[in-house]
Number of protein chains: 2
Amino acid sequence: MGTPMYRQIADDLRAMIESEELAPGQQLQTEIELRDQYGASRNTVRDAIKWLTTLGLVETRPGQGTFVVKKLDPFVTTLTRKEGEVAEGGQSTSYLSKVGHSLTPSTSAVRVEIQPAPEHVVTRLAIDPDTEVISRHEQRHIGRTPYSLQTSFYPVEFADRGADRLRSSKNIEEGAVQYLREKLGIKQVGYRDWITVRVPNLIEADFFKVPTDGRIAMYETFRIAYDGNGNPMRLTVTVLPADRNQLIVNVGDVPDL
Amino acid sequence: MGTPMYRQIADDLRAMIESEELAPGQQLQTEIELRDQYGASRNTVRDAIKWLTTLGLVETRPGQGTFVVKKLDPFVTTLTRKEGEVAEGGQSTSYLSKVGHSLTPSTSAVRVEIQPAPEHVVTRLAIDPDTEVISRHEQRHIGRTPYSLQTSFYPVEFADRGADRLRSSKNIEEGAVQYLREKLGIKQVGYRDWITVRVPNLIEADFFKVPTDGRIAMYETFRIAYDGNGNPMRLTVTVLPADRNQLIVNVGDVPDL
DNA sequence: GCAAATTTGTTCGTATGTATT
DNA sequence: CAATACATACGAACAAATTTG
């Protein structure tokens, strides 16, 4: 009695999926049919399907059936710039710059909030615990598919010193980097990205149309931008689903994609 | 009607976990106790626990109980070099260079294989479909915890032209980049990393001691290194568990960690 | 070292609810 | 509205892993 029956059924179905005998998008037999075919109870068949579900191989749709998941062809996001362009910031300031598919990315209206800095912002921006920060949150789509959720944090002090548009929910078309340099003389000379992976929360699951259980992971990247004095000037947090996104890092001399 | 009972139980337990009322590492009540407490059947309680499991909040241990997961303090891996060091390769050739914890990383013996190039290697290295490649596979530990699985692919041609040690299972201490430059004059001038996330296979789950279901994701990074003519000279594939690793990308002028 | 007790894991049967066609 | 298919829930029994006495 080594492997339990539900695993044997799952492994059998898995082999069929991986050999493409069951093609992506194709419907599996119904639970009743599988029950008869394997001589197990319906509950056991369901355990097998649940196993395949957490493995990300199939998805169930109530009233319809169980289907082999189609792997989406991924978006590609480049985290680095060409050599030399880095220090400037230039107009390629958009956080995640290059995007495949040659579809037009669009950005929602910016939701601006002024709030006491959350704990993780305090540590990353190296500011006083009781400082306020401006957060600018936006949703991004590529074509009609949701692409990323992004929030940038700035010290309120920047707005007080004259960078008013940080408080506006209008997009800063020329890019926040250039705006801050022109307005305040604060120059971004580099940034550090922290790439992490975690499960989505309810808001993210809703926006990206992914299941609320944890079976699809999310990239969460933290970009800390630094000014010429080595001080953090901005934190940008970006969340995007890991099943349809790849991140790219170029170092040194690399041919174009 | 609204939310099913197993979700209500799960949400209740989840709130206790997130408020630290149930601390990381702490044992939950047994299924029997929870059954009595919530007036549900044991199977329903088990559904609730399973939900929390796929969310990565708890883990069950047969014969022992259900426990709140402890979040591991992560290893940190830097994908980029300091400016200027890039083109050289130098002695900082180890794929994932900087590692936190100040524990000594160790590397297993290298498993060397000569094989027809797999499909994905063909496309990434831009070689003929029927070429052979040398693959060098190694396991890495930090202290005693498994850290990464890594495989590098080189065209056999490199060994034929004199870089014999690519075929040896001995480590190339000075680094493959320097070795290839000295031996063949092939100079690495840059690389591109593709960062992806996927579920572990059985071998990886065994090595990293993670569950075989898909609830812990894996980073899989593909590093394509380029020579001075813009041709791919090496592909390195690295796999590491996403629940205990962060990746870092530095661009421009950034203070040290 | 062994046996008992405890705890989770597997499997069945059955009934009813909900979503889709 | 009816048929189909998955979702939730209960109860029961035995198996397997671990700890305790």
Side-chain angles (χ1 to χ4, degrees), chain A residues 1-14 17 22 25-69 205-206 209-215, chain B residues 1-14 17 22 25-69 205-206 209-215:
Chain A
M1 294 154 285
T3 51
M5 192 187 306
Y6 81 96
R7 289 292 297 276
Q8 294 181 34
I9 297 173
D11 289 344
D12 195 47
L13 293 169
R14 181 178 187 165
I17 291 169
L22 290 169
Q26 187 177 343
Q27 181 171 7
L28 269 65
Q29 291 168 285
T30 68
E31 294 176 352
I32 302 298
E33 289 169 330
L34 290 171
R35 172 191 60 146
D36 297 339
Q37 180 170 335
Y38 287 102
S41 78
R42 182 172 161 235
N43 277 333
T44 300
V45 168
R46 279 179 61 75
D47 282 345
I49 290 174
K50 190 170 292 179
W51 181 259
L52 295 174
T53 299
T54 75
L55 285 175
L57 291 175
V58 304
E59 60 186 358
T60 57
R61 301 205 276 268
Q64 298 188 53
T66 304
F67 300 83
V68 181
V69 298
D206 179 58
K209 309 266 191 293
V210 298
T212 52
D213 59 20
R215 68 174 180 272
Chain B
M1 283 137 282
T3 50
M5 190 187 306
Y6 80 96
R7 289 290 298 276
Q8 295 181 34
I9 298 173
D11 289 345
D12 195 48
L13 292 169
R14 181 179 187 164
I17 291 168
L22 289 170
Q26 188 176 341
Q27 180 171 7
L28 271 65
Q29 291 168 285
T30 68
E31 294 175 355
I32 302 297
E33 289 170 330
L34 290 171
R35 172 193 60 154
D36 295 341
Q37 180 169 332
Y38 287 102
S41 76
R42 182 176 162 231
N43 276 332
T44 300
V45 168
R46 280 178 61 76
D47 281 346
I49 290 174
K50 190 170 291 178
W51 180 261
L52 294 175
T53 300
T54 74
L55 285 174
L57 292 174
V58 304
E59 60 185 357
T60 57
R61 302 205 274 269
Q64 297 189 56
T66 304
F67 301 82
V68 181
V69 297
D206 179 59
K209 309 268 191 292
V210 298
T212 52
D213 60 20
R215 68 173 178 273

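Order of the sequence lines fixes the chain letters, A, B, ..., with proteins taken first and strands second; residue numbering starts at 1 for each chain.
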Quick test: give all pairs of protein nitrogen or oxygen and nucleotides 2-5 of chain C nitrogen or oxygen below 3.5 Å, distance rounded to 0.1 Å.
none

- Message: Among residues 44-52 of chain B, which ones have heavy-atom contacts with DNA chain D below 4.0 Å?
- Response: B:T44
- Those residues at least two apart in sequence (or on a different chain) that pass salt bridge (charged side-chain N to carboxylate O under 4.0 Å, His left out) with B:E33 are none
- Near DNA chain D, under 4.0 Å by heavy atom, which residues of residues 6-14 of chain B? B:Y6
- Note on the structure: Tightest non-hydrogen contact, residues A:A40 and A:M5, listed as CB-SD, 3.5 Å
Below 3.5 Å between N/O atoms, which protein atoms pair up with nucleotides 19-21 of chain C? Just atom names and distances, please.
none

- Message: Minimum heavy-atom separation for B:V69 and B:V58, please, with both atom names.
- Response: CG1-C, 3.6 Å
- Task: Would you please name every residue forming a side-chain hydrogen bond (donor to acceptor under 3.5 Å, both in side chains) with B:Y6, sequence neighbours left out?
- Result: none
- Note on the structure: Across all chains, not counting sequence neighbours, the side-chain contact (heavy atoms from CB on, under 4.5 Å) partners of A:P62 are none
- Once you round it to whole Å, what is the distance between C1' of C:dT11 and CZ of B:R42? 12 Å
- Message: Let me confirm one number: the CZ-CD distance from A:F67 to A:Q26, rounded to the nearest 0.5 Å.
- Response: 10.0 Å
In residues 45-57 of chain B, what donor-acceptor pairs under 3.5 Å come from side-chain atoms, sequence neighbours left out?
| from | atom 1 | to | atom 2 | distance (Å) |
| --- | --- | --- | --- | --- |
| B:R46 | NH1 | B:E31 | OE2 | 2.9 |
| B:T53 | OG1 | B:I49 | O | 2.8 |
| B:T54 | OG1 | B:W51 | O | 3.1 |

- Those residues at least two apart in sequence (or on a different chain) that pass side-chain hydrogen bond (donor to acceptor under 3.5 Å, both in side chains) with B:Q37 are B:Q29
- Side chains of B:V68 and B:L28: closer than 4.5 Å at any heavy-atom pair? yes
- Item | Neighbours of DNA chain D within residues 27-41 of chain A, by heavy-atom distance under 4.0 Å | A:T30, A:E31
- Spacing between A:N43 atom CG and C:dT14 atom P, to the nearest angstrom: 12 Å
- Task: Quick one: list whatever passes side-chain hydrogen bond (donor to acceptor under 3.5 Å, both in side chains) with B:N43, sequence neighbours left out.
- Result: none
- Item | All side-chain hydrogen bond (donor to acceptor under 3.5 Å, both in side chains) counterparts of B:S41, not counting sequence neighbours | B:T44
